[in-house]
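Take a look at the structure below.
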Amino acid sequence: MEEIKKQRSALFANEQRNQEQIKALYYEIEMMKLQYMLLKRQQLKELKEGTSFQKVIESVEGTEKINEDCIRILRNNLLDNGYRDRLEALALLAED
């Protein structure tokens, strides 16, 4: 993700000419964020299943809600901007 951010920053030297590339890299970063949130979903599930401590379970449940909200927002943003095919190709639309 850092490498893409560096590429994107370099494009701002001539913002007008590189506008499409900047947009593409922005949405590439958004897809990486979505992948991260989906990985985090799995990690939270495993943590919740692996503990019997009520306080940990309550904490995980709160974090799960925030994570699910982030997933929903990222997906909707990408779908609204025409990235359905890319999300399907990366298997990022399927609900777990």
About how many Å separate [atom2] of [Y] and [atom1] of [X], when rounded to the nearest 0.5 Å?
X: R75; Y: R72; atom1: CZ; atom2: CZ; value: 11.5 Å
X: I71; Y: I66; atom1: CD1; atom2: CD1; value: 12.5 Å
X: L90; Y: D85; atom1: CG; atom2: CG; value: 11.0 Å
X: E68; Y: T63; atom1: CD; atom2: OG1; value: 11.5 Å
X: L47; Y: T51; atom1: CG; atom2: OG1; value: 6.5 Å
X: K65; Y: C70; atom1: NZ; atom2: SG; value: 10.0 Å

Taking side chain to side chain donor-acceptor pair (under 3.5 Å) as the test, write out the residues that go with [X], two or more places apart.
X: E46; value: Q42
X: K40; value: Q43
X: K55; value: none

>> Can you pull out every ring-ring contact (aromatic ring centres under 6.0 Å, His included) where at least one residue sits in residues 53-82? Sequence neighbours excluded, please.
In response: none
Expected list for residues 25-37: side-chain donor-acceptor pairs under 3.5 angstrom, two or more places apart:
{"residue": "Y27", "atom": "OH", "partner": "N81", "partner atom": "OD1", "Å": "3.1"}
{"residue": "Y27", "atom": "OH", "partner": "N81", "partner atom": "ND2", "Å": "3.1"}
{"residue": "E28", "atom": "OE1", "partner": "R86", "partner atom": "NH2", "Å": "3.2"}
{"residue": "E28", "atom": "OE2", "partner": "R86", "partner atom": "NH2", "Å": "2.9"}
{"residue": "E30", "atom": "OE2", "partner": "K33", "partner atom": "NZ", "Å": "3.0"}

> Residues in side-chain contact (heavy atoms from CB on, under 4.5 Å) with E64, at least two apart?
Replying inline: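 With sequence neighbours excluded, E64 shows a side-chain contact (heavy atoms from CB on, under 4.5 Å) to L44, K48, V60, E61, given in chain and number order.
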>> Tell me whether I73 shares a hydrophobic cluster with L92, the cluster being built from Ile, Leu, Val, Met, Phe, Trp, Tyr side chains joined at under 4.5 Å.
In response: no
> Does L93 share a hydrophobic cluster with L38, counting links as ILVMFWY side-chain heavy atoms below 4.5 Å and allowing steps through other members?
Replying inline: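 Yes.
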> Should the pair E88-R84 be classified as a salt bridge under the 4.0 Å nitrogen-to-oxygen rule?
Replying inline: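 Salt bridge between E88 and R84, a charged N being under 4.0 Å from a carboxylate O: yes.
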